[in-house]
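As structure tokens, the structure follows; a few thoughts come after it.
To find a chain, count down the sequence lines: A is the first, B the second, and so on, and within it residues start at 1.
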Amino acid sequence: MDTQPTIEPSWLARPAPEVAPDLIGCTLVRQFEDGRVFRGLIVETEAYAPGDPACHGYRRLSDRNRHMFGAAGTTYVYQIYGIHHCLNIVTDEEGLPSAVLIRALQLDSIPPWVDRTREPKAHRVAAGPGKLCRILGIDRRLSGQTLYPGQPLSLEHRAPQWQLDLVQTTRIGISQGTDLPWRWYLDRCSAVSKP
DNA sequence: TCTAAGATGGCA
DNA sequence: GCCATCTTAGAA
């Protein structure tokens, strides 16, 4: 599949529940300092928005969540359970806590440092928000950065004529806001964290 | 200050 | 089903 145009910040400056399904089928590009590039097809997302009790910015801006209030087209990376990291694409207007959690990627190639005994199924090495961050070396140092080509992270549009088969359901792993149907994934995709 | 819980993942 | 591992929000 050919490389698609870069996603501009203005395209992400919409409410997260609008952007999240649109990001399915788009490509996340991870560029390392030595120039190596890995691409992952986004196959699962979740939206977090103002007024949503599961949103990290629901109560107030804090040291931990401040990047979630940033401008559309930047990143918000946080640590969870002391061990895992999760990557969000910040959306909507600056000043609003609004972001899309990237929950699973289908990688174009498996980085050589991946321990294959730990995940024998190659298509599942990035099936989960913590897994994809570990595989692609994403941690809080990449939080608050702008998504742009040449930067550590960037985004590309999906192929324009691609007819997506999307499933919309409720979000995973949260205890509040469980009724909101703000999770989307590519139907019948084996790289999704949970079908 | 103290403490419980967390947008998870791996293993028994 | 259990636990690693540690930061943070919210309570006291």
Quiz item: Atom CD of A:Gln79 to atom C1' of C:dT5: distance rounded to whole Å?
Solution: 8 Å

Quiz item: Toward the 5' end of DNA chain C, which comes first, A:Ile80 or A:Ser62, by nearest nucleotide?
Solution: A:Ile80

Quiz item: What distance, rounded to whole Å, do you find between the two P atoms, one in C:dT5 and one in B:dC2?
Solution: 23 Å

Practice problem: Output the single nucleotide from B:dG10, B:dT8, B:dA7 whose closest atom is nearest the side chain of A:Lys131. | Solution: B:dG10

Practice problem: Would you mind telling me which of C:dT8, B:dG9, B:dA7 lies closest to the side-chain atoms of A:Arg140? | Solution: C:dT8

Quiz item: If you find the nucleotide of DNA chain B closest to A:Gly82 and the one closest to A:Arg134, which residue's nucleotide is nearer the 5' end?
Solution: A:Gly82

Quiz prompt | Identity of whatever pairs with B:dC11 - Watson-Crick or G-U, under 3.5 angstrom | solution = C:dG1

Exercise. Identify the residue among A:Gln106, A:Gln31, A:Glu156 that makes a side-chain contact (heavy atoms from CB on, under 4.5 Å) with A:Arg39.
Key: A:Glu156

Quiz item: Testing A:Thr75, A:Thr74, A:Val77, A:Leu153 for side-chain contact (heavy atoms from CB on, under 4.5 Å) with A:Gln145, which one passes?
Solution: A:Thr75

Exercise. Mind calculating the distance between CZ (A:Arg171) and C1' (B:dG6) to the nearest angstrom?
Key: 15 Å

Quiz item: Rounded to whole angstroms, how far apart are CG on A:Asp63 and P on C:dC6?
Solution: 19 Å

Practice problem: Would you please say whether a donor-acceptor pair under 3.5 Å links the side chains of A:Thr91 and A:Ser98? | Solution: yes

Exercise. Rounded off to whole Å, could you give me the CD-to-P distance for the A:Glu119 and B:dG9 pair?
Key: 11 Å

Self-check item: Atom of A:Cys26, atom of A:Asp22 and distance for their closest heavy-atom approach
Solution: SG-O, 3.4 Å

Practice problem: Please state how far atom CG in A:Leu101 lies from atom P in B:dG6, giving the value in whole angstrom units. | Solution: 16 Å

Quiz item: With a 4.0 Å cut-off, would you call A:Arg103 and A:Glu46 a salt bridge?
Solution: yes

Quiz prompt | A:Asp139 CG - B:dT8 C1' separation (whole Å) | solution = 16 Å

Quiz item: Taking atom C1' of B:dT8 as reference, at what distance in whole Å does atom CZ of A:Arg118 sit?
Solution: 12 Å

Exercise. Look at A:Ser175 and B:dG6 and indicate whether a side-chain polar atom (N or O) is within less than 4.0 Å of OP1 or OP2.
Key: yes

Quiz item: On a plain distance test, is the side chain of A:Tyr78 in donor-acceptor contact with the base of B:dA7 below 3.5 Å?
Solution: yes

Self-check item: Rounded distance in Å - OH (A:Tyr81) to C1' (B:dG6)
Solution: 4 Å

Quiz item: Heavy atoms under 4.0 Å, any strand shown: does A:Arg183 hit a base, just sugar-phosphate, or nothing?
Solution: nothing

